[in-house]
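In what follows, chains are A, B, ... by sequence order, proteins preceding strands, each numbered from 1.
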Number of protein chains: 2
Amino acid sequence: MSTVAGKRLRIGEVAELTGTTPRTIRYYEEIGLLPDSGARAQGQHRCYTDADVARMREILRLKDLLGLSLEQLSKLLEAETARAELRQEYQQAEDAATQRRILEEALGHIAGQLELVTDRKRQLDQLERELVERSRTLRERLAELSA
Amino acid sequence: MSTVAGKRLRIGEVAELTGTTPRTIRYYEEIGLLPDSGARAQGQHRCYTDADVARMREILRLKDLLGLSLEQLSKLLEAETARAELRQEYQQAEDAATQRRILEEALGHIAGQLELVTDRKRQLDQLERELVERSRTLRERLAELSA
DNA sequence: TGCTAAACTGACGTTAACGTAAAGTTCTCG
DNA sequence: CGAGAACTTTACGTTAACGTCAGTTTAGCA
């Protein structure tokens, strides 16, 4: 949507697009957070697509917003990883049952993320309420002081 | 409120009450996140109050919920630290201007925390919306599949 | 075709946030 | 008052998440 589909990106470009560094990207691949570019064309250089950039952004977002470790992220995204790998397979899958399974897995995976997000939101709401309350109390005291 | 006021706690008890370890508490003191128990009675053992337990819980909460580093927390809580130290001073402060200043500092500090919390909530809201949307899309696809 | 920027693979370095072990001290309770 | 549990300081160890450096290889373009 933003760029030409099928555009091949190199690691440096991906790094810049996602606000990280090549080293970070290689590290994520090393620990299995990004798909192992074992199948790296015939050449040596890693090459990425827009989808990879999107995935990287997702990872960084979840990491920052939820404060998850990379290991936790790996587990959380396992399903998505599999789904990404099966993406083309899905397109060509004649088998409706297979398509259904893939979609359902994706749904479960999204549900998992949603659970984490809403739970975190709940806790932040609670904290916010307490802070507002404290703030109110302090303002009352200030008012009394002026009386 | 929960326990007898003025109860003196030792580091091990505080650790258990806050779900951490003595080492962590000492470390937090070492980096200035907890008040330096320089004034540690005549004996050697650190001793704490309920207020210290509350503060420790606050720290852990902010750390976990906002994913702040201990250094960031230090800065964020600097004002509160000063306030805590001035707590008794506040009680006896004849000077209304001083009392006002202390209250206002506390208010500013709470405002700082609130800003972080609401901002984080906003981002989580955004993420939640996107996840819900994706979830909806997937369900639609599943429905189409059944048709 | 040759040159340079960028990428590659090790491999070791770094920082935060503690864990852990050792050797000595202090509390507290029978 | 004596013994063991809990505390003290000091210091080195550990893990995650990269940074950095060196030496080599690849990509692409003048």
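For CD of B:E133, the number of neighbouring non-hydrogen atoms (other residues, nucleotides, ligands) closer than 6.0 Å is greater than 12.
With rounding to whole Å, A:R8 atom CZ is found 13 Å from D:dG28 atom P. Distance, A:I11 CD1 to D:dC18 P: 13 Å, rounded to whole Å. As rounded to whole Å, 13 Å separates atom C1' of C:dC8 from atom CD of A:E30. When the P atom of D:dT24 is taken as reference, atom NE2 of A:H45 falls 16 Å away, rounded to whole Å. As a whole-Å value, the separation of B:R10 CZ from D:dA5 C1' is 9 Å. Summarising the geometry, the separation between CD on B:E13 and P on C:dC27 is reported as 14 Å, rounded to the nearest angstrom. Counting to the nearest Å, the P atom of D:dT8 and the CZ atom of B:R26 are 5 Å from each other.
Between the A:T18 side chain and the A:V14 main chain, a donor and an acceptor come within less than 3.5 Å of each other.
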- A:Q72 and A:L116: CA distance, side-chain angles, deciding distance, side chain to side chain contact (heavy atoms under 4.5 Å, CB included) verdict: CA-CA 12 Å; A:Q72 289 173 311; A:L116 287 181; over 6 Å; no

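Under a 4.0 Å N-O distance rule, the pair A:E115/A:K121 does not qualify as a salt bridge.
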- Expected string for nucleotides 14-19 of chain C under the B/S/- scheme (protein heavy atoms, under 4.0 Å, primed atoms plus P, OP1, OP2 as sugar-phosphate) is ---BBB

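Here the side chains of B:L77 and B:H109 are in contact, with some heavy-atom distance below 4.5 Å. Looking at heavy atoms from C-beta onward, B:L70 lies in side-chain contact with B:Y27 at the 4.5 angstrom threshold.
When the side-chain nitrogen and oxygen atoms of A:R46 are compared with OP1 and OP2 of C:dC8, one or more of them lie within a distance under 4.0 Å.
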